[in-house]
Amino acid sequence: MNENYILALETATNLCSVCLANRDIPLIEHTIYIPNITDQMLAQIVKRIVDETNLTFDQLCAVAVSSGPGSFTGLRIGAAFAKGLCFDNKIKLVPVPTLSAMAFACLKFAQLIKPERIIVVLPSHKDIYYYQFFDTDGNETSNVNLGTLDELRAIVRNNDFLYSSSPVDIPVANKLEIRNYLTAKHIAQFGWNLYTSGMTTSPADFVPQYHQQFKPKVKDKRIL
C-alpha cells in the first residue's frame with residue numbers, strides 16, 4: 001500500500017468531481033459541470049482515474065468524501081460509494097464537511113486582505129443559503145446555519161471575507177467576483193489534513209450531515 005494516496009469525491013453540489021492526490025497534492029482530477037448526473041457518472045469517473053494511473057484500490061490509504069451540507073441526493077450517492085470502497089475499513093473513510101473544505105480552499109485569498117472573519121455561503125434552494133463563520137486560520141467559529149439572503153445581508157460586515165460557490169449579492173463584503181466551484185481537489189486537500197489528524201470514521205457509522213430535513217417533491221398525478 002502507498003500510504004500517501006487519497007481518493008476524493010465531491011458530490012455535495014451540482015458537480016460530479018473526483019480527484020486522486022498524493023498527500024495533499026492533487027495528481028489528477030476529473031469534474032463534470034452538469035447538474036444531476038452524479039448517479040450516472042461517479043463510478044465511471046473513478047474507473048477512468050484508476051485506469052489512467054494504473055492504480056489499484058488497495059493502494060489507497062483513504063477515501064475523502066464531502067459530508068454535507070449540500071444536495072441530499074448528491075450526498076447520499078457520494079456516501080454510498082465511499083462506504084462501498086471502505087467497507088472493510090482497510091481504506092479509511094474521511095468525512096469532509098463541505099463548508100470547512102470551502103473555507104480551507106479560500107484561506108490564501110482571504111489572508112491577503114486580512115479580514116476579521118471568513119463567511120462561507122452555499123446555496124440550498126430558492127432564496128435559502130447554508131452559511132458558516134470561520135477565523136482566518138480556517139477554524140470554525142459558528143455552527144452551520146440556514147438563512148435567507150436578507151438575513152445574510154443583515155449579519156455580514158464590511159471587514160468580512162465572503163466565499164461562495166455561486167454569486168451572492170452582498171455588496172458590503174470582500175469577495176472574489178468569480179464563481180468559486182468546490183471540486184474534489186479541495187476535498188482531497190482538506191481531507192488529507194483530517195486523515196493525518198485521525199479524523200476518520202467507520203463506514204458502517206457514516207451518515208452525511210444534511211442540516212435540514214429532506215422534503216421529497218411530489219408530482220401532481222391528477223388527470224386533467
Side-chain angles (χ1 to χ4, degrees), residues 1-13 15-32 37-105 122 130 132 138-140 143-144 182-212 214:
M1 176 186 294
N2 185 321
E3 293 293 340
N4 295 332
Y5 282 137
I6 183 169
L7 185 72
L9 315 174
E10 164 42 33
T11 63
T13 63
L15 308 183
C16 180
S17 184
V18 180
C19 177
L20 176 68
N22 193 320
R23 300 174 66 88
D24 61 348
I25 302 173
L27 300 177
I28 184 170
E29 180 186 58
H30 290 309
T31 300
I32 298 180
I37 203 168
T38 301
D39 58 338
Q40 302 174 44
M41 296 303 302
L42 182 60
Q44 294 184 45
I45 298 174
V46 171
K47 184 179 184 303
R48 179 175 176 180
I49 286 178
V50 168
D51 290 344
E52 289 179 357
T53 58
N54 293 316
L55 185 77
T56 58
F57 288 117
D58 60 6
Q59 292 177 271
L60 296 173
C61 63
V63 173
V65 59
S66 47
S67 62
S71 159
F72 286 99
T73 301
L75 289 172
R76 287 197 297 271
I77 294 169
F81 196 90
K83 291 170 75 165
L85 292 177
C86 303
F87 73 97
D88 58 3
N89 212 33
K90 291 180 180 179
I91 303 172
K92 299 302 180 182
L93 197 159
V94 184
V96 179
T98 310
L99 301 188
S100 294
M102 292 176 68
F104 185 78
L122 181 69
Y130 299 105
Q132 189 173 17
N139 301 309
E140 298 176 3
N143 295 323
V144 175
L182 175 70
T183 66
K185 69 180 179 183
H186 304 118
I187 301 300
Q189 290 170 326
F190 189 58
W192 177 257
N193 283 6
L194 297 177
Y195 171 72
T196 56
S197 300
M199 303 295 287
T200 63
T201 192
S202 164
D205 297 334
F206 174 51
V207 178
Q209 300 299 308
Y210 298 113
H211 293 282
Q212 60 175 311
F214 176 58

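Sequential numbering from 1 along the given sequence is applied to the chain's residues. Not measured: the values here are computed from a predicted model.
To the nearest 0.5 Å, atoms NE2 (His30) and CE (Met41) are separated by 10.0 Å. Rounded to the nearest 0.5 Å, atoms CG (Asn4) and CD1 (Ile25) are 9.0 Å apart. The CZ atom of Phe81 sits 5.0 Å away from the CG atom of Leu42 when rounded to the nearest 0.5 Å. Considering OG1 of Thr98 and CD of Gln132, their distance stands at 10.0 Å, rounded to 0.5 Å.
One N or O on the side chain of Lys83 and one on the backbone of Phe206 form a donor-acceptor pair closer than 3.5 Å. The main-chain N or O of Ala105 is never found under 3.5 Å from a side-chain atom of Gln189 such that the two would form a donor-acceptor pair. The backbone N or O of Val94 sits nowhere less than 3.5 Å from a side-chain atom of Thr200 that would complete a donor-acceptor pair. Panel note: side chain Thr31, backbone Ser17; no donor-acceptor pair is recorded below 3.5 Å. Within the 3.5 Å criterion, the main-chain N or O of Ala204 finds a donor-acceptor partner in the side chain of Ser202.
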**Steps toward side chain to side chain contact (heavy atoms under 4.5 Å, CB included) verdict (Leu55, Ile49)** = CA-CA 8 Å; Leu55 185 77; Ile49 286 178; 5.9 Å; no
**Request:** Please step through side chain to side chain contact (heavy atoms under 4.5 Å, CB included) for the pair Ile187 and Leu9, ending with a clear verdict.
**Result:** CA-CA 7 Å; Ile187 301 300; Leu9 315 174; over 6 Å; no
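In the model, Ser66 has a side-chain atom that pairs as donor or acceptor with a side-chain atom of Glu10 under 3.5 Å.
When the salt bridge (charged side-chain N to carboxylate O under 4.0 Å, His left out) test is applied to Asp205, no partner is found at least two apart in sequence or on another chain.
Heavy-atom neighbours of Asn143 CG from other residues, nucleotides or ligands within 6.0 Å: at or below the threshold of 12.
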